[in-house]
Enquirer: 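Just dropping this structure here.
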Amino acid sequence: GCARALNQADNSSSSPMVTDTRFKHAGISTITDARIRLTSVNELFLGKTFDDYRVENAKQSEVAGVVRTYTENFETIRKLGTWLLFLGSPGTGKTHLACAAVQSLAVRGYSAKYVKAGELFRRVKESWQDGTKERTSDVIKKMIDVDLLVIDELGGQFGSTAEQNILYDVIDGRYERKKPLIGTSNRDYGTLAKLIGNQCIDRFQDRACNSRIFVFDWPSHRSGICWS
């Protein structure tokens, strides 16, 4: 079932395991490097893994374990359409775990994409201008079609009606197709709901798929090291 998918690794031949160390250093494998760069993970988090996620308490260990198992068991997760939402202050490791998930899946041959919410809005708004190469429908389709999408920094913008509509098109498109999604936000739940709209936040609470919300309520790790 759904809970089992988040707590037990999938050892089936359809989703072979690849160790995290395989993509710790750029250039080890041309194919691996190309797959990772297609995810659009930025340079700060390029090559980040679950192994170098900083764990200092039991709750961090639990969250890291869930996300790692989410990727290890992705064939089942993909069939269920399970979503994860990370809430918490900057510097608590939300983006690190999300990017580790994206890259781990990319190495194994899945299509995975990382995008900041602000970048998504910018690309769609640019597509409204005359003479642009990318149509609005193309931008939305690319976000819907990948096996895993990570949307970082949800609620970091103005929360305008236009932004809510753009986000809803992506989120609902993935929800209807049972496509896994990981979202992150520096906002608390109530503020995020107001900024992205109740329809969007509601999709992260589907118990039928065992979608889960985690609050990263520990101090920032950015004391001498860049984390997010």
Side-chain angles (χ1 to χ4, degrees), residues 1-3 5-6 10 14-15 35 38-41 66-67 69-87 94-95 97-106 108-125 127 134-157 159-185 187 189 192-193 195-214:
C2 298
L6 287 175
D10 182 357
S14 58
S15 54
R35 285 176 175 172
L38 283 173
T39 66
S40 298
V41 168
V66 166
V67 183
T69 304
Y70 184 92
T71 60
E72 291 174 353
N73 209 23
F74 195 68
E75 274 302 295
T76 301
I77 293 298
R78 188 165 63 159
K79 292 173 183 175
L80 296 170
T82 303
W83 290 18
L84 301 175
L85 178 61
F86 305 152
L87 306 177
K94 303 181 301 295
T95 302
L97 284 180
C99 287
V102 165
Q103 294 174 95
S104 177
L105 290 174
R108 291 161 56 193
Y110 292 104
S111 59
K113 183 78 172 177
Y114 166 88
V115 66
K116 288 187 176 183
E119 170 69 9
L120 169 61
F121 299 148
R122 183 189 64 77
R123 285 178 58 184
V124 170
K125 290 175 182 178
S127 73
E134 199 171 32
R135 298 178 301 176
T136 302
S137 58
D138 295 332
V139 178
I140 301 299
K141 187 175 186 300
K142 289 175 183 176
M143 300 298 162
I144 292 174
D145 284 350
V146 291
D147 295 325
L148 175 69
L149 177 67
V150 165
I151 306 180
D152 199 12
E153 298 184 357
L154 288 165
Q157 294 67 47
S160 66
T161 299
E163 289 176 350
Q164 289 186 1
N165 289 339
I166 292 167
L167 191 60
Y168 180 76
D169 284 344
V170 174
I171 284 181
D172 192 57
R174 293 192 66 83
Y175 182 78
E176 288 183 341
R177 294 163 180 80
K178 297 181 71 174
K179 294 269 194 169
L181 187 149
I182 298 176
T184 82
S185 178
R187 307 287 191 173
Y189 180 87
L192 180 63
L195 288 168
I196 70 174
N198 289 328
Q199 286 182 304
C200 287
I201 200 72
D202 180 70
R203 299 296 190 270
F204 283 99
Q205 303 179 83
D206 191 339
R207 294 181 180 178
C209 299
N210 199 37
S211 294
R212 301 177 65 179
I213 298 174
F214 293 95

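All figures in this text were calculated on a predicted structure; none of them were measured in a lab.
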Enquirer: Ignoring hydrogens, what is the shortest heavy-atom contact between Glu153 and Ala117? Give both atom names and the distance.
Expert: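 Answer, listing the atom of Glu153 first, then Ala117: O-CB, 3.7 Å.
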
Enquirer: Which distance, rounded to the nearest 0.5 Å, do you find between the CG of Leu80 and the CG of Asn73?
Expert: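 Rounded to the nearest 0.5 Å, the CG-CG separation comes to 8.5 Å.
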
Enquirer: Compare all side-chain heavy atoms of Leu85 with those of Leu192 and state whether any distance is below 4.5 angstrom.
Expert: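 Counting from C-beta outward, Leu85 and Leu192 do come under 4.5 Å.
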
Enquirer: Please answer whether the main-chain N or O of Lys79 pairs with a side-chain N or O of Lys178 as donor and acceptor at a distance below 3.5 Å.
Expert: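 At least one qualifying donor-acceptor pair exists.
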
Enquirer: Side-chain contact, heavy-atom cut-off 4.5 Å: Leu181 with Phe204?
Expert: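 Heavy-atom side-chain distance check passes, below 4.5 Å.
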
Enquirer: Does the Arg212 side chain pair with the main chain of Val66, one donor and one acceptor, at a distance under 3.5 Å?
Expert: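 No.
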
Enquirer: Distance check, rounded to the nearest 0.5 Å: Leu167 atom CG versus Ile140 atom CD1?
Expert: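 The distance works out to 9.0 Å.
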
Enquirer: So among Ile77, Val150, Ile182, which one has a side-chain contact (heavy atoms from CB on, under 4.5 Å) with Leu84?
Expert: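 For Leu84, the side-chain contact (heavy atoms from CB on, under 4.5 Å) test succeeds with only one of Ile77, Val150, Ile182, which is Ile182.
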
Enquirer: Hey, which of Lys179, Arg123, Arg174 is the one that makes side-chain contact (heavy atoms from CB on, under 4.5 Å) with Met143?
Expert: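 The single option meeting the side-chain contact (heavy atoms from CB on, under 4.5 Å) with Met143 is Arg123.
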
Enquirer: Counting C-beta onward and ignoring hydrogens, is there a side-chain heavy-atom pair between Phe214 and Lys94 closer than 4.5 Å?
Expert: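 No. Closest side-chain heavy atoms not under 4.5 Å.
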
Enquirer: Calculate, to the nearest 0.5 Å, the distance between atoms CZ and OG1 belonging to Phe74 and Thr82 respectively.
Expert: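 With rounding to 0.5 Å, CZ (Phe74) is 9.5 Å from OG1 (Thr82).
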
Enquirer: Of all the heavy-atom pairs spanning Gln164 and Gly197, show the shortest one and how long it is.
Expert: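 Smallest interatomic distance, heavy atoms only, reads NE2-N, 3.8 Å.
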
Enquirer: To check you understand the geometry: which heavy-atom pair defines the closest contact between Ser211 and Gly81, and what is its length?
Expert: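 Ser211 and Gly81 have their closest heavy atoms at OG-O, 4.3 Å.
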
Enquirer: Could you please spell out the steps behind the side chain to side chain contact (heavy atoms under 4.5 Å, CB included) verdict for Val170 and Leu120?
Expert: CA-CA 10 Å; Val170 174; Leu120 169 61; 4.1 Å; yes

Enquirer: Is Glu163 salt-bridged to Lys125, going by a charged N under 4.0 Å from an acidic O?
Expert: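 Salt bridge: yes.
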
Enquirer: Would you check, one step at a time, whether the test side chain to side chain contact (heavy atoms under 4.5 Å, CB included) holds for Leu195 with Gln157?
Expert: CA-CA 8 Å; Leu195 288 168; Gln157 294 67 47; over 6 Å; no

Enquirer: Report the C-alpha separation of Ile166 and Val139 in whole Å, then their side-chain angles, then the decisive distance to 0.1 Å, and conclude whether the side chain to side chain contact (heavy atoms under 4.5 Å, CB included) test is met.
Expert: CA-CA 10 Å; Ile166 292 167; Val139 178; over 6 Å; no

Enquirer: Residues two or more places apart in sequence or in another chain: which of them pass side-chain contact (heavy atoms from CB on, under 4.5 Å) with Asn165?
Expert: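 Listed in chain order: Thr161.
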
Enquirer: Measure the shortest side-chain to side-chain distance between Asp169 and Thr136 over non-hydrogen atoms and say whether it is less than 4.5 angstrom.
Expert: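 No; the side chains remain at least 4.5 Å from each other.
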
Enquirer: For Arg108 and Ser104, indicate whether the former's side chain and the latter's backbone hold a donor-acceptor pair under 3.5 Å.
Expert: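 Here the side-chain-to-backbone pair does not exist.
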
Enquirer: Given the rule in the side chain to side chain contact (heavy atoms under 4.5 Å, CB included) test, do Arg187 and Leu154 qualify, once you have shown the distances and angles that lead to the verdict?
Expert: CA-CA 8 Å; Arg187 307 287 191 173; Leu154 288 165; over 6 Å; no

Enquirer: Taking everything shown except Arg135 itself, do over 12 heavy atoms lie less than 6.0 Å from its CZ?
Expert: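 Result for CZ/Arg135: open.
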
Enquirer: Ignoring hydrogens and angles, state whether a donor on the side chain of Thr184 or Asp152 is under 3.5 Å from an acceptor on the partner side chain.
Expert: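 Yes.
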
Enquirer: With a 4.5 Å limit on heavy-atom distance, are the side chains of Tyr70 and Pro180 in contact?
Expert: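 Yes, their side chains come closer than 4.5 Å.
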
Enquirer: Identify the two heavy atoms, one from Asp138 and one from Glu134, that lie closest to each other, and give their separation to 0.1 Å.
Expert: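 What the structure gives for the nearest pair is CB-CG, 4.1 Å.
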
Enquirer: Compare all side-chain heavy atoms of Phe86 with those of Thr95 and state whether any distance is below 4.5 angstrom.
Expert: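 Side chain of Phe86 against side chain of Thr95, heavy atoms only: no contact under 4.5 Å found.
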
Enquirer: Any side-chain heavy atom of Tyr114 sitting closer than 4.5 Å to one from Cys99?
Expert: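 The answer is yes; the side chains approach within 4.5 Å.
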
Enquirer: Does a side-chain heavy-atom distance below 4.5 Å link Val102 with Val41?
Expert: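 A side-chain contact under 4.5 Å exists here.
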
Enquirer: Going from CD on Gln199 to OH on Tyr168, what distance comes out if it is rounded to the nearest 0.5 angstrom?
Expert: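 These two atoms lie 4.5 Å from each other.
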
Enquirer: With distance as the sole test, does Ser111 use its side chain to make a donor-acceptor pair with the main-chain N or O of Val146 at under 3.5 Å?
Expert: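 It does not hold such a pair.
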
